[in-house]
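Working notes, structure below.
Ligands are counted one by one from 1 in listed order, and the atoms in each one are counted from 1 as well.
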Amino acid sequence: MVQGNQMKPTSSVLSLHGRQRPVVIAGPCSAESRTQVLETANLLATSGKVSFFRAGLWKPRTRPNAFEGLGERALPWLMEAQKATGLTAMTEVATPEHVEAVLRSGMKAIWIGARTTVSPFAVQALAEALQGTDLLVMVKNPMHADLKLWMGAIERVARTTKGEVCALHRGFSSYGTSEFRNAPMWEIPIALRAEMPDIPMFCDPSHITGNPDKLRDVSQRAMNLGMEGLMIESHLEPSQALSDAEQQVTPDNLHQMLDHLEIPVTHHVSHSDREDLEGLRLQIDSVDEQLMQMLHKRMDLARSIGALKQKNKWSLLSVARWREIIRSRTEWAQHHGLNTEFLGKVLGSVHEESIRVQGDEADRKRSEKPKKNQS
Ligand code: PEP
Ligand code: MN
């Protein structure tokens, strides 16, 4: 018997209470055809490790002309998959009309996407459409790193619905290169849990990583932090997916990944010192990642300065500028309560590296010139 059936609640109101961790939500980014929906749900149900079946119907795409989902006409396929497999079907809603369609279909669980959570107007409209209903609602974090906005969205929904409201961590978008599609910034879900300890927390490693490589790592971290469950995108043929093709995994690969997860015992209310240590380490990881991005940005700027200096034959080292850097940064360090001797060492190394990078760029530009003249 599959776990999805074992965990099926007896009442019609869905509850996560007492479920075995991790509660797994899996399914394709988008519903693409009836066959795809039914076959994927069937395969996902076989392991007994998946409880919810996800598929997007109305897809919020960054740019127009991409596949925007099949809309309401695919809703009956999700309900058919639920009936056939015992997995609870769920989809993303972004407008009151979506909520009405979902309610008409008898679906019991939904999520609010990251692009919707950013707008209190949109969330309020959804909360009003959900008034008095008992759907299970998962609220994804907003696109950008704003804890209060996430909390506000959860509060708005929890005020109107009678169903369970959960938080769903999918990472935060940042401009420029990063090792993640959406930086996890673990300190934010950790802070949300501290502020709202009764709200179950899920993690969506698919949208955090943007590819399958670190899926297991991020899922494991979410488990170490005591999160309740995972939402993972799974497609029969990931490379052929109409949306988020790079990050989906086959049901088989998903099951293998779940088999390898270690699930530490957690006590939702009183956290152990071990969990606290893990939480603090994840915050350090997140801060270090941001430090690396900042250093990368600084060296890029140094490279542009190197090119300008070479073009104008200005000297690489400006003593007046260096003095000004030391003076202003020492003031900033004092303001932030940092040891000024430590800061001096850090700045010294960063400056030395900046000069080296500027010099390399200047040399590169100089060596480009003769080639241009020859042509
Ligand atoms: C999704 O779950 O397919 C989705 C669009 O997610 P997000 O809102 O996290 O971008
Ligand atoms: Mn997706």
Handout entry: Under-4.0 Å salt bridge between Asp217 and Lys214
Key = no
Problem - Sidechain-backbone polar pair: Asn253 side chain, Val249 backbone, donor-acceptor under 3.5 Å - result: no
Problem - Arg115 N/O under 3.5 Å from ligand 1 N/O - result: yes
Exercise for the section: Look only at interatomic distance and state if Asp204 has a nitrogen or oxygen under 3.5 Å from any nitrogen or oxygen of ligand 1. Expected result: no
Handout entry: Exercise: do Asp204 and His207 side chains pair donor with acceptor under 3.5 Å
Key = yes
Problem - Residues Glu262 and Gln220: side-chain donor-acceptor under 3.5 angstrom - result: no
Handout entry: Minimum-distance protein heavy atom relative to atom 5 (C) of ligand 1
Key = Glu92 OE1, 3.6 Å
Practice task
Give the residue and atom name of whichever protein heavy atom lies nearest to atom 9 (O) of ligand 1, and the separation in Å to one decimal.
Solution key: Arg170 NE, 2.6 Å
Problem - Thr117 versus Lys140, closest heavy-atom pair with distance - result: OG1-O, 2.9 Å
Practice task
Say whether Ala114, considering both its backbone and side-chain N or O atoms, lies within less than 3.5 Å of an N or O atom on ligand 1.
Solution key: yes
Completion exercise
The answer for which part of Glu233 has a heavy atom under 4.0 Å from ligand 1 is side chain
Exercise for the section: Would you mind listing which atoms of ligand 1 come within a distance below 4.0 Å of any non-hydrogen atom of Cys29? Expected result: 3 (O)
Fill in the blank from the handout: Glu233 OE2 to Asp244 OD2 via the Mn ion (ligand 2), rounded to 10°, gives 120°
Exercise for the section: Give me the ring orientation class for Trp150 and Phe172: parallel if the planes are under 30° apart, tilted from 30 to 60°, perpendicular past 60°. Expected result: perpendicular
Practice task
Could you verify whether a donor N or O on one side chain and an acceptor N or O on the other, from Ser286 and Glu187, lie under 3.5 Å apart?
Solution key: yes
Exercise for the section: Check whether any heavy atom of Met231 sits under 4.0 Å from an atom of ligand 1. Expected result: no
Fill in the blank from the handout: His207 NE2 to Cys29 SG via the Mn ion (ligand 2), rounded to 10°, gives 180°
Handout entry: For atom 6 (O) of ligand 1, the protein heavy atom that lies nearest, with its residue and separation
Key = Lys140 NZ, 2.9 Å
Handout entry: Side chains of His235 and Thr250 in contact at under 4.5 Å (non-hydrogen atoms)
Key = no
Practice task
Report the nearest protein non-hydrogen atom to atom 4 (C) of ligand 1: residue, atom name, distance rounded to 0.1 Å.
Solution key: His207 NE2, 3.5 Å
